[in-house]
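The block underneath contains the structure these notes are about, expressed in structure tokens.
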Amino acid sequence: MDCRSDEELFQLVQESKVHTAEGKVADYIPALAQADPDSLAVAMAFPDGSCYSAGDVNKKSTLQSISKVIALALALLDNGEEYVFQRVGMEPTGDPFNSIIKLETTEPHKPLNPMINAGALAVTSMIKGDSVEERLGRIIHLTELITGVEGIGYNKEVAMSELQTADLNRSLAYYLKQYHVIEENVETVIELYTKQCAIEMNCSDLAKIGLTLAMDGKHPLTGETLLPPRVASICKTFMVTCGMYNASGEFAIRVGIPAKSGVAGGIMAAVPYRCGIGIFGPALDERGNSIAGWDLMERLSKKYDLSMF
Ligand code: DON
């Protein structure tokens with residue numbers, strides 16, 4: 001599926017781009033600090049196989065928290081709903097994505113949902129395989145399946161940079177191990193989670209993830225089941241309630257599209273039965289969402305009447 005540059009999208013990108021100056025790139029993972037704060041790219045993928053883009057559609061970025069959706073899908077396939085939701089909840093937190101506070105104050109001590117770091121660490125630890133390599137390979141394979149893109153890999157520099165600095169995530173994982181939500185070695189789950197977050201792609205591939213979810217897990221052209229509809233439905237529901245972290249409620253009101261963000265500046269969105277959207281704009285707002293990407297999502301939603309509410 002080639003992605004054609006589109007004049008209408010280009011105009012919207014130009015309008016949103018002014019907001020990049022109000023945000024800043026994530027620097028708590030040192031390698032992410034090298035990103036160009038002014039850049040903004042978008043792609044929209046449609047069920048008929050067409051794809052339209054604006055900005056640097058060939059530039060790859062890491063998924064970061066967007067990978068939590070794929071890991072959740074795989075953990076559900078590996079273990080079933082009951083097992084997964086015995087260990088991770090279904091409720092939004094209202095706290096920042098890396099907060100530890102609710103782990104202590106909630107009984108039982110399990111993460112409130114799979115989209116915050118604590119929940120994602122628990123989910124990633126449920127992915128089956130004999131080694132980190134095998135488990136990461138399975139996450140990447142599922143990513144290739146739902147994008148229809150071969151040769152997806154992870155950015156080793158970003159993964160190493162996070163691995164060396166992920167002490168907050170380590171503390172979340174140790175806390176979860178104490179309460180048997182995580183059973184395996186903490187360094188093993190941190191390594192797998194960090195590499196999963198460093199999976200990289202361009203915004204048109206990101207849009208294809210959104211499209212597959214938008215089509216209830218079916219390949220839009222062949223009808224082949226890439227993800228069971230129930231798994232796609234659970235992923236999309238978490239994207240609505242928790243996908244933009246403690247800004248998910250506001251995003252639902254202003255944009256009204258299931259979406260997931262990541263600290264590399266990505267937003268992956270699934271407009272039910274209509275299209276998938278992929279955005280990369282590394283400058284973030286204070287809640288960790290792409291600042292110009294959010295603005296662009298608002299413009300797209302209004303212009304093309306995409307809100308599902
Ligand atoms: O675990 C972390 O902190 C990062 N690898 C991912 C966090 C993230 O993308 C949150 N997004 N807004």
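Being a predicted model, the structure only gives us computed values, none of them experimental. We count ligands from 1, going down the list as the structure has it; atoms in each ligand are counted the same way. Atom set for the values below is all heavy atoms of this structure, side chains included, hydrogens, waters and symmetry mates excluded.
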- Answer side chain, backbone, both or neither: which part of N169 comes under 4.0 Å from ligand 1, heavy atoms only. side chain

- Query: Among Y28, Y193, Y245, which residue places a heavy atom closest to atom 3 (O) of ligand 1?
  - Reply: Y28

Counting from 1, what ligand 1 atoms have a heavy atom of [X] closer than 4.0 Å?
X: F97; value: 3 (O), 7 (C), 10 (C)
X: Q64; value: 4 (C), 5 (N), 6 (C), 9 (O)
X: C197; value: 5 (N)

- Query: Are the charged groups of E91 and K102 less than 4.0 angstrom apart, N to O?
  - Reply: no

- Query: Salt bridge check: are E134 and K128 linked by an N-O gap of less than 4.0 Å?
  - Reply: no

- Task: Please identify each residue that fulfils side chain to side chain donor-acceptor pair (under 3.5 Å) with E183, with sequence neighbours left out.
- Result: none

- State which residues pass side chain to side chain donor-acceptor pair (under 3.5 Å) with Y154; sequence neighbours excluded, sorted by chain then number. none

Any N or O of [X] that comes nearer than 3.5 Å to an N or O of ligand 1?
X: G288; answer: yes
X: R287; answer: no
X: V263; answer: yes
X: N117; answer: yes

- Task: Identify the protein heavy atom lying closest to atom 9 (O) of ligand 1, giving its residue, its atom name and the separation to 0.1 Å.
- Result: S65 OG, 2.6 Å

- How about Q11 and E7: does a side-chain donor come under 3.5 Å of a side-chain acceptor? yes

- Item | Within-4.5 Å side-chain heavy-atom neighbours: P37 and T20 | no

- Query: Is there a donor-acceptor pair closer than 3.5 Å between any side-chain N or O of S16 and the backbone N or O of V13?
  - Reply: no

